[in-house]
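Heads up: the structure comes next, in structure tokens.
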Amino acid sequence: MSRFLPDRFNLMLVTTVIIASFLPAKGAFADYFGIATDCAIALLFFLHGARLSRDVVIAGVLHWRLHLTILAVTYAIFPLLGLAAGYIPGEILKPELYIGILFLCVLPSTVQSSIAFTSIAGGNVPAAICSASASNLFGMFLTPLLVGLLMTTTGSSGFSLDALETILLQLLAPFILGQILEPWIGKWIRGRKKLLMPVDRGSILMVVYLAFSESVNEGLWQTFSIRDIGVVLVLDALLLALVLAITMFGSRLLGFNKEDEITITFCGSKKSLASGVPMAGAIFAGQSIGAIVLPLMLFHQIQLMVCAVIAQKYAAKRAASAVPMAVEPSKI
């Protein structure tokens, strides 16, 4: 379980925010760093596309009822809960942080951690791989569209066609190229997870540094207090608890078996930091996105810690039910 508790990567995220707070990128350095970040993100989504096996897609796509349930939670129930948070008075939840909560609610699910937790808990792993991957693919279209719809409805700036063009060129095009080349390079890439991990994590750290640099230059920490961050933590935890309850008990009411329940619980309750941070940069281009990604970063850590505990409980129940009862030797 320790691998899913606060780990080296999360410490690196915190360190990146601290560095950006004291040494934010400025001027020409910020411009060149932004170009390098765009290239790193394009490479990240290319690798996502190349890693996704066609066999996995075919094996998982047949379980359409499970996938529709997860997509409904990710792109319908989550956004509705985000809209409900809009009724919290602005004196308690700052409008800028509320936009971050709402943005968090329209993001796709995670891929790696959803699959890992499903595997630990004994769920339907092929379906989890397919569903989490489909969530990210659909998210390239649904997330910006939901941002445009919900944030216009709430009176915030929506999303533009320029943002959609950026997502198509920087995120979707590399992903499709990776899928095209998957038959030739997919096996090689999947066999070198440790070698390619710096691309995954490094690109996220680059985006976080750039985002917080811009926000710090515009007075991020003068705008929000420790109390504001505490409010976001409480809302993130409450949001995760509600969705976990909905996915766990809702899947039982819908008649799914235990393996599918586990898959729905973990894939439906997650939100992707890896996809969310680059999308925030594309959708809110020209705006300060530090406050927008802050709720996502906090939610990311909370979901890892909570889901690690839940996965272990599922695994323990499975192990207990698999232990055969002791049979008393027959007396002769």
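None of these values were measured; they are calculated from a predicted model. Because only heavy atoms are used, hydrogens play no part in the values below, and waters and symmetry mates are left out as well, while side chains stay in.
Tracing side-chain contacts under 4.5 Å through hydrophobic residues (I, L, V, M, F, W, Y), one reaches F78 starting from L238; they form part of the same cluster. A continuous path of Ile, Leu, Val, Met, Phe, Trp and Tyr side chains, each step under 4.5 Å between heavy atoms, connects I176 with F141, placing both in one hydrophobic cluster. Note on V216 and I226: separate hydrophobic clusters, where clusters join Ile, Leu, Val, Met, Phe, Trp and Tyr whose side-chain heavy atoms are under 4.5 Å apart, directly or indirectly. Cluster annotation: L273 is connected to F138 through the hydrophobic network of ILVMFWY side chains, with a link wherever side-chain heavy atoms come within less than 4.5 Å. Linking Ile, Leu, Val, Met, Phe, Trp and Tyr whenever their side-chain heavy atoms come within less than 4.5 Å puts W188 and L181 in one cluster.
For the atom pair CG (L296) and CD1 (I101), the distance works out to 9.5 Å, reported to the nearest 0.5 Å. One finds the CD1 atom of I283 at 9.0 Å from the CG atom of L145 (value rounded to the nearest 0.5 Å).
Remark: E261 pairs with R252, K258, Y314 by the side chain to side chain donor-acceptor pair (under 3.5 Å) rule, at least two apart or across chains. Partners of D228 under the salt bridge (Lys or Arg N to Asp or Glu O under 4.0 Å) rule, at least two apart in sequence or in another chain, are K94. When the side chain to side chain donor-acceptor pair (under 3.5 Å) test is applied to D260, the partners found at least two apart in sequence or on another chain are H63, N124. By the side chain to side chain donor-acceptor pair (under 3.5 Å) test, T15 is found to be paired with no residue, residues two or more places apart in sequence or in another chain being considered. Under the side chain to side chain donor-acceptor pair (under 3.5 Å) criterion, D236 pairs with no residue at all, not counting sequence neighbours.
Taking each heavy atom of Y75 and G139 in turn, the nearest pair found is OH-CA, 3.1 Å. Considering all non-hydrogen atoms of both residues, S131 and H67 come closest at CB-ND1, 3.4 Å. The shortest non-hydrogen separation linking V293 to A280 is CG1-CB, 3.7 Å. Minimum interatomic distance between S113 and K270 (heavy atoms only, all atoms of both residues): OG-CE, 3.7 Å.
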**OP:** Let me see the working for V106 and L150 under side chain to side chain contact (heavy atoms under 4.5 Å, CB included), right down to the final yes or no.
**Re:** CA-CA 9 Å; V106 300; L150 300 184; 3.7 Å; yes

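Chaining together hydrophobic side chains whose heavy atoms lie under 4.5 Å apart places L254 alongside L66, I70, F256, I264.
Electrostatic pairing of E259 and R318 does not count as a salt bridge here, judged by no charged N lying under 4.0 Å from a carboxylate O.
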